[in-house]
There are 2 protein chains.
Amino acid sequence: MREKPIQKQVFSRFLKERGQRFTKERSAILEKTMSRNGHFEPETLYIEIRKAGAKASRASVYRTISLLCECGLIEQVRKTEHGTVYERSFGHEHHDHMLCIGCGSAIEFYSDKLERLQEDLCRQQGFQGTTHTLEIRGYCRKCQKKKKQT
Amino acid sequence: MREKPIQKQVFSRFLKERGQRFTKERSAILEKTMSRNGHFEPETLYIEIRKAGAKASRASVYRTISLLCECGLIEQVRKTEHGTVYERSFGHEHHDHMLCIGCGSAIEFYSDKLERLQEDLCRQQGFQGTTHTLEIRGYCRKCQKKKKQT
DNA sequence: TTATAATTGAGAATGAGTCTCAATTACAAT
DNA sequence: ATTGTAATTGAGACTCATTCTCAATTATAA
Ligand SMILES: [Mn+2]
Ligand SMILES: [Mn+2]
Ligand SMILES: [Zn+2]
Ligand SMILES: [Zn+2]
């Protein structure tokens with residue numbers, strides 16, 4: 001007999017505090033987001049959920065994604081021309097991204113030096129920073145090679 | 001008799017190279033973007049242009065914005081839920097942003113240390129970085145005070 | 001002047017995301 | 001278990017930024 005996963009606890013507690021309910025639709029959506037490893041978009045998630053036979057409408061997917069952001073289990077990575085990209089933040093330490101223009105792949109990285117430097121910069125400006133996003137665009141190793149061959 | 005502003009030269013040269021024409025619509029749009037100091041959105045620009053009596057359709061505004069991005073006179077700052085934000089990049093050195101969650105104001109800043117650190121990080125990952133965006137969200141001085149008073 | 005190709009604008013189309021609302025469901029109190 | 005109340009759901013309508021279509025216009029070169 002297994003324990004209730006901790007993300008479920010977090011989410012249902014979050015909902016309860018607000019007088020909201022932990023329904024099976026929300027549960028299905030939570031599970032899919034937590035099982036995903038990389039970045040994802042709402043529509044993709046919706047399709048996966050349908051395929052898996054679980055029932056949840058597109059509207060519920062969007063509504064639940066908002067809730068999951070509010071309670072900190074997932075977060076927005078960026079907005080693109082085709083939609084918003086999210087990723088699990090629960091059990092996934094803060095990091096920034098290098099994004100390949102060639103193939104769309106993303107490298108996740110973390111630098112303590114970078115984080116501290118940002119704090120300094122905020123201090124210098126009298127700004128109280130709470131979150132940040134750094135996105136470096138360019139070419140991954142593979143795409144650099146491809147470019148040379150051409 | 002004044003010289004043709006350099007941005008016009010840049011843009012018309014860019015267009016000519018591609019067999020495209022420097023029309024009065026494009027010229028009007030270029031002028032408005034170059035006269036703007038801060039961040040702007042296409043719709044705002046369109047409205048300003050109309051008010052100024054110049055004629056250019058929304059379609060042309062969007063089309064010209066793309067061209068101006070391609071030739072490097074302006075660039076995308078970020079995408080929000082209500083649309084895309086641009087800024088002039090011609091004569092406006094590279095910088096990053098601190099964005100106030102309270103009032104929406106933006107602080108522009110530049111740090112050489114930060115730029116160099118990013119280069120290091122790319123090197124470490126074998127990534128060939130070309131551009132980046134760093135956005136720090138939080139509270140500006142004014143909004144920090146407001147918060148305390150509450 | 002003419003042929004050719006680029007451009008324009010009005011409005012239709014697209015598509016992500018939100019909203020509406022009647023029907024369903026969860027929950028708590030009896 | 002029954003009932004009352006409030007939250008939730010899903011289908012599809014709607015919004016709104018952006019792109020597309022296409023006939024009419026305009027620039028350019030021959
Ligand atoms: Mn990530
Ligand atoms: Mn700026
Ligand atoms: Zn790549
Ligand atoms: Zn502020």
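Residue numbers start from 1 in every chain, and the chains themselves are labelled A, B, ... in the order their sequence lines are given, proteins ahead of strands. Scope of the values below: all heavy atoms of this structure, side chains included, with no hydrogens, waters or symmetry mates.
For the pair A:Arg88 and A:Glu75, the salt-bridge criterion is not met [side-chain N within less than 4.0 Å of a carboxylate O]. Note on B:Glu135 versus B:Arg137: salt bridge recorded, some NZ/NE/NH1/NH2 to OD/OE distance being below 4.0 Å. Taking 4.0 Å as the cut-off between side-chain N and carboxylate O, A:Arg116 and A:Asp120 do not count as a salt-bridged pair. Using a 4.0 Å cut-off between charged nitrogen and carboxylate oxygen, A:Glu87 and A:Arg36 do not count as a salt-bridge pair. Ion pairing between a basic and an acidic side chain is recognised when a charged N comes within 4.0 Å of a carboxylate O; A:Glu25 and A:Arg63 show no such pairing.
Distances shorter than 4.0 Å separate some side-chain N or O of A:Tyr62 from OP1 or OP2 on C:dG17. Using a 4.0 Å cut-off, some side-chain N or O of B:Ser60 falls inside it from OP1 or OP2 of C:dG9.
Remark: A:Arg21, A:Lys24 in residues 19-33 of chain A come within less than 4.0 Å of DNA chain C through at least one heavy atom.
The distance from atom NZ of A:Lys55 to atom C1' of D:dA11 is 13 Å, rounded to the nearest whole Å. Straight-line distance from the CZ atom of B:Arg78 to the P atom of D:dA17: 16 Å, rounded to whole Å. Residue A:Tyr46 contributes atom OH, which lies 15 Å from atom C1' of C:dG15 at whole-angstrom precision. The CD atom of A:Glu81 sits 16 Å away from the C1' atom of C:dG17 (whole-angstrom rounding). Regarding A:Leu67, its CG atom lies at a distance of 12 Å from the C1' atom of D:dA7, rounded to whole Å. Atoms CZ (B:Phe14) and C1' (C:dA6) sit 15 Å apart, rounded to a whole Å. What separates CZ of B:Arg50 from C1' of C:dA10 is a distance of 11 Å, to the nearest Å. The distance from atom CD of A:Gln76 to atom P of C:dG17 is 9 Å, rounded to the nearest whole Å.
Relative ring orientation between A:His95 and A:His92 is described as tilted, the plane-to-plane angle lying within the 30° to 60° band.
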* **Criterion ring pair (Phe, Tyr, Trp, His ring centres under 6.0 Å) on A:His94 and A:His132, from CA distance to verdict** => CA-CA 10 Å; A:His94 165 73; A:His132 71 261; 4.6 Å; yes
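With D:dA11, D:dT9, C:dG17 as the candidates, the nucleotide lying closest to the side chain of A:Ala59 is D:dA11.
Side-chain to base pairing of B:Arg58 with C:dG11: no donor and acceptor N or O lie closer than 3.5 Å to each other. Remark: the A:Arg63 side chain and the C:dG17 base include no donor-acceptor N/O pair separated by less than 3.5 Å.
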